[in-house]
Engineer: 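Below you will find the structure I want to go over with you.
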Amino acid sequence: MSKVELQPPRGTRDFYPEDLRRRAWLFDQFREVARRFAFEEVDAPVVEHAELFTRKAGEEIVEQLYHFTLHDRHLALRPEMTPSIARMVMARAGALRLPLRWFAITQNWRYERMTRGRRREHYQWNMDVWGEPGVAAEAELIAAICTLLGRLGLGPGDVKIRLSSRALLEEVLRADVLRDRPEAFAPLCVVIDKLGKIGEEAVVDLLTDPAGAVRLAPGAARGVVAALGVRSLDEAAQRVPAGSAAVDDLRRLFELLAAYGLEDRVVFDASIVRGLAYYTGTVFEAFDAGGTLRAVCGGGRYDRLLETLGGPSIPAVGFGFGDVVIQELLADKGLLPDVARAIDDVVYPFGDAERPAALRLATRLRAEGRSVDLVLGSVKPRRALADADRAGAQRVFLIGPDEAARGVARVRELAGGAERDEPLDP
RNA sequence: GUGGGCGUAGCUCAGCUGGUUAGAGCGCCAGGUUGUGGCCCUGGAGGUCGCGGGUUCGAUCCCCGUCGCUCACCCCA
């Protein structure tokens, strides 16, 4: 039999202890921020019915679905968490008290070509508010993101959140080029999301593609692209009818964010639309100020997703925050901590004769809640001490024939080197 | 899919326009202390030089193929 391939499949990662410590540190930051905002954690299977994810708007996330058929069931690894959360909300829609604040830290899958910041498997911190139609929900979510960024050491000069509103764009287009074709709006957003990546000409080509879902006239397509270049919310407001709900919402959202003290974190950017079809209102993305990496996180309002899936109408807004780009950014800035191992005690019997006493001591310490490494083999004290030092232990309990005879353990404080005896059976 | 870079010890890499026993640092193991860590010193193990073919007296080095990794582009969460 040939030896197994040592590398995991392309785009996936192994997490050795030092890697997992760092990941756990990041997840701890996610959890702590979620806790401070009183969001409850949920989870769902990584394998779902593929149809939960399949939509028809030409989204990349659907085209890159990691899926397979098994026993006539078409299954898929989740590419994102939102549909699963929506399914969970829908399943208990009648029993849930709204608004609901849920978060999840999930592994997501996407079958795609690898580039910097993108892998086939990644983790994402997801926070969602269900049942709150007002922008207070958006503000709270964005505040959570900023709280996290701050905890990681990333200031306003490092990461900015750009936000806009699909509702605003929709108002502009409904009054004009999409007057009779509202169904073209979602696919249009998917195309516009590519603006910064493929350029205006390519976007116009896609918008006018006779085989596409949008099919605008060339002049109209250019008008759409031009509308995205507006520099400020005030300028955008001039393009929509007075009393625009979308403009009012955005203005209100910026007011709330200012009240959170986040005015230096957020900027209006009409070109932000996001690549997912289900967004309906506010959309936002966080970017590193250097502009060298892809989006750190992104989210928005999706008030009609539940209806789309056949459920009741419940407004919702949320974001996904991936683990890959943020770690690259932190590494670039030297902000990734080297998380050391930290056990409390090492219990070291010199030989087999002392082992029963040693394991009883270890058991007692563990019952007290301490993290105890019981030395398993027969090693020299030099080795036991060195290992204890590496493991970041505070104390080492040495039990040799002499100590066993006296009914004590020799306790050594590794930091200072002080030693004393401790009774084995107090 | 296109183009570039790279595959040499467990890891990061060096190897001078092809030459004799392929090296370093870190890590690992052992010893320097018959029962005491970090630092230091000494020694040791560990390599089909990704794989296959070719050129050559001779290939880690040159050529072809192949597999893998990686970066950029294409494409896009």
Side-chain angles (χ1 to χ4, degrees), chain A residues 2-3 5-13 16 18-19 53 57-66 78-82 108-124 126 189-199 202-203 206 272-279 283 285-287 292-300 319-326 328 340 346 348-351 353-354 373 375 378-404 409-419:
Chain A
S2 64
K3 203 171 155 187
E5 175 59 55
L6 293 182
Q7 287 180 325
R10 186 200 295 264
T12 66
R13 297 170 284 178
Y16 284 89
E18 60 274 23
D19 306 315
F53 305 113
E59 298 159 286
E60 182 202 39
I61 202 168
V62 173
E63 289 161 4
Q64 296 177 340
L65 204 57
Y66 224 118
R78 64 174 167 230
E80 54 158 343
M81 191 56 175
T82 302
N108 302 328
W109 294 81
R110 186 163 49 200
Y111 198 84
E112 66 178 340
R113 206 168 285 128
M114 296 258 312
T115 58
R116 177 157 151 90
R118 303 208 49 188
R119 334 194 110 263
R120 291 181 177 177
E121 156 276 314
H122 70 123
Y123 287 84
Q124 209 171 61
N126 209 95
C189 286
V190 171
V191 171
I192 287 176
D193 181 56
K194 305 174 185 178
L195 187 60
K197 300 140 190 168
I198 64 178
V203 164
L206 285 173
I272 297 293
V273 293
R274 307 281 300 146
L276 297 176
Y278 54 63
Y279 288 118
V283 282
E285 295 184 350
F287 287 92
T292 56
L293 302 172
R294 39 182 79 250
V296 168
C297 79
F319 69 82
F321 192 117
D323 73 319
V324 178
V325 174
I326 189 65
E328 284 178 353
V346 169
Y348 165 55
F350 279 62
E354 294 80 34
D373 176 349
V375 176
S378 135
V379 301
K380 296 189 172 178
R382 175 189 173 92
R383 173 57 183 263
L385 269 294
D387 285 349
D389 189 49
R390 275 166 192 256
Q394 297 167 10
R395 307 181 298 185
V396 178
F397 291 74
L398 303 98
I399 306 175
D402 176 54
E403 286 80 8
R410 191 78 183 147
V411 188
R412 182 180 178 84
E413 301 281 343
L414 283 174
E419 289 194 6

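Proteins get letters first, then strands, A, B, ... in listed order; numbering begins at 1 in each.
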Engineer: How far, in whole Å, is B:rG3 from B:rA59 if one measures between their C1' atoms?
Structural biologist: 28 Å

Engineer: Considering only atom P, compute the distance from B:rC13 to B:rU8 and round it to an integer number of Å.
Structural biologist: 9 Å

Engineer: Scan nucleotides 35-41 of chain B nucleotide by nucleotide, 5' to 3', and note B when protein non-hydrogen atoms come under 4.0 Å of the base, S if they reach only the sugar-phosphate, - if neither.
Structural biologist: BBBB---

Engineer: What integer number of Å spans the P atoms of B:rC29 and B:rA45?
Structural biologist: 16 Å

Engineer: Just to verify, what does A:D323 make a salt bridge (charged side-chain N to carboxylate O under 4.0 Å, His left out) with, not counting sequence neighbours?
Structural biologist: A:R13

Engineer: Taking the P atom in each of B:rU17 and B:rC11, what is the distance between them to the nearest angstrom?
Structural biologist: 28 Å

Engineer: Mind checking what makes salt bridge (charged side-chain N to carboxylate O under 4.0 Å, His left out) contact with A:E419, not counting sequence neighbours?
Structural biologist: A:R410, A:R412

Engineer: Taking B:rG68 as the reference, what is the distance to B:rC49 when you measure between their C1' atoms (whole Å, please)?
Structural biologist: 16 Å

Engineer: With rounding to the closest Å, how many angstrom separate the P atoms on B:rG44 and B:rG25?
Structural biologist: 13 Å

Engineer: Mind checking the P distance from B:rA9 to B:rC51? Whole angstroms is fine.
Structural biologist: 10 Å

Engineer: Taking only residues at least two apart or on different chains, which pairs with a member in residues 388-400 of chain A satisfy salt bridge (Lys or Arg N to Asp or Glu O under 4.0 Å)?
Structural biologist: A:D345-A:R395

Engineer: Please work out the stems of RNA chain B from pairs that are Watson-Crick or G-U wobble with both distances under 3.5 Å, keeping only runs of three or more consecutive pairs.
Structural biologist: B:1-7 with B:67-73, B:10-13 with B:23-26, B:28-32 with B:40-44, B:50-54 with B:62-66

Engineer: In whole angstroms, how far is the P atom of B:rG10 from the CD atom of A:E18?
Structural biologist: 17 Å

Engineer: Which atoms form the tightest heavy-atom contact between A:E80 and A:F53, and what is the distance?
Structural biologist: O-CE2, 3.9 Å

Engineer: The criterion is side-chain contact (heavy atoms from CB on, under 4.5 Å); which residues satisfy it with A:E328, sequence neighbours excluded?
Structural biologist: A:R116, A:L293, A:V324

Engineer: Name all residues meeting the side-chain contact (heavy atoms from CB on, under 4.5 Å) criterion together with A:R383; count only those two or more places apart in sequence or in a different chain, and write none if there are none.
Structural biologist: A:V379, A:D387

Engineer: With sequence neighbours left out, what residues match A:Y348 under ring pair (Phe, Tyr, Trp, His ring centres under 6.0 Å)?
Structural biologist: A:F350

Engineer: Nearest 0.5 Å, what's the CZ-CD distance between A:R10 and A:E112?
Structural biologist: 12.0 Å

Engineer: Considering only the C1' atoms, how many Å lie between B:rA14 and B:rG52, rounded to the nearest integer?
Structural biologist: 27 Å

Engineer: Give the rounded distance in Å between these two atoms: CZ of A:R118 and P of B:rC74.
Structural biologist: 14 Å

Engineer: Got a list of protein N/O to nucleotides 69-72 of chain B N/O distances below 3.5 Å?
Structural biologist:
| from | atom 1 | to | atom 2 | distance (Å) |
| --- | --- | --- | --- | --- |
| B:rC69 | OP2 | A:R10 | NH1 | 3.4 |
| B:rC69 | OP2 | A:R10 | NH2 | 3.1 |

Engineer: Taking ring pair (Phe, Tyr, Trp, His ring centres under 6.0 Å) as the test, write out the residues that go with A:Y279, two or more places apart.
Structural biologist: none

Engineer: In chain order, what residues pass the side-chain contact (heavy atoms from CB on, under 4.5 Å) check against A:D19, with sequence neighbours excluded?
Structural biologist: A:F15, A:Y16, A:R22

Engineer: Can a side chain N or O of A:K380 be found less than 4.0 Å away from OP1 or OP2 on B:rU34?
Structural biologist: no

Engineer: Quick one: side-chain contact (heavy atoms from CB on, under 4.5 Å) partners of A:D373, sequence neighbours excluded?
Structural biologist: A:I343, A:V346

Engineer: Let me confirm one number: the CG-CZ distance from A:N108 to A:R119, rounded to the nearest 0.5 Å.
Structural biologist: 14.5 Å

Engineer: If you look at every strand shown and take non-hydrogen atoms under 4.0 Å, does A:A295 touch a base, only sugar-phosphate, or nothing?
Structural biologist: base

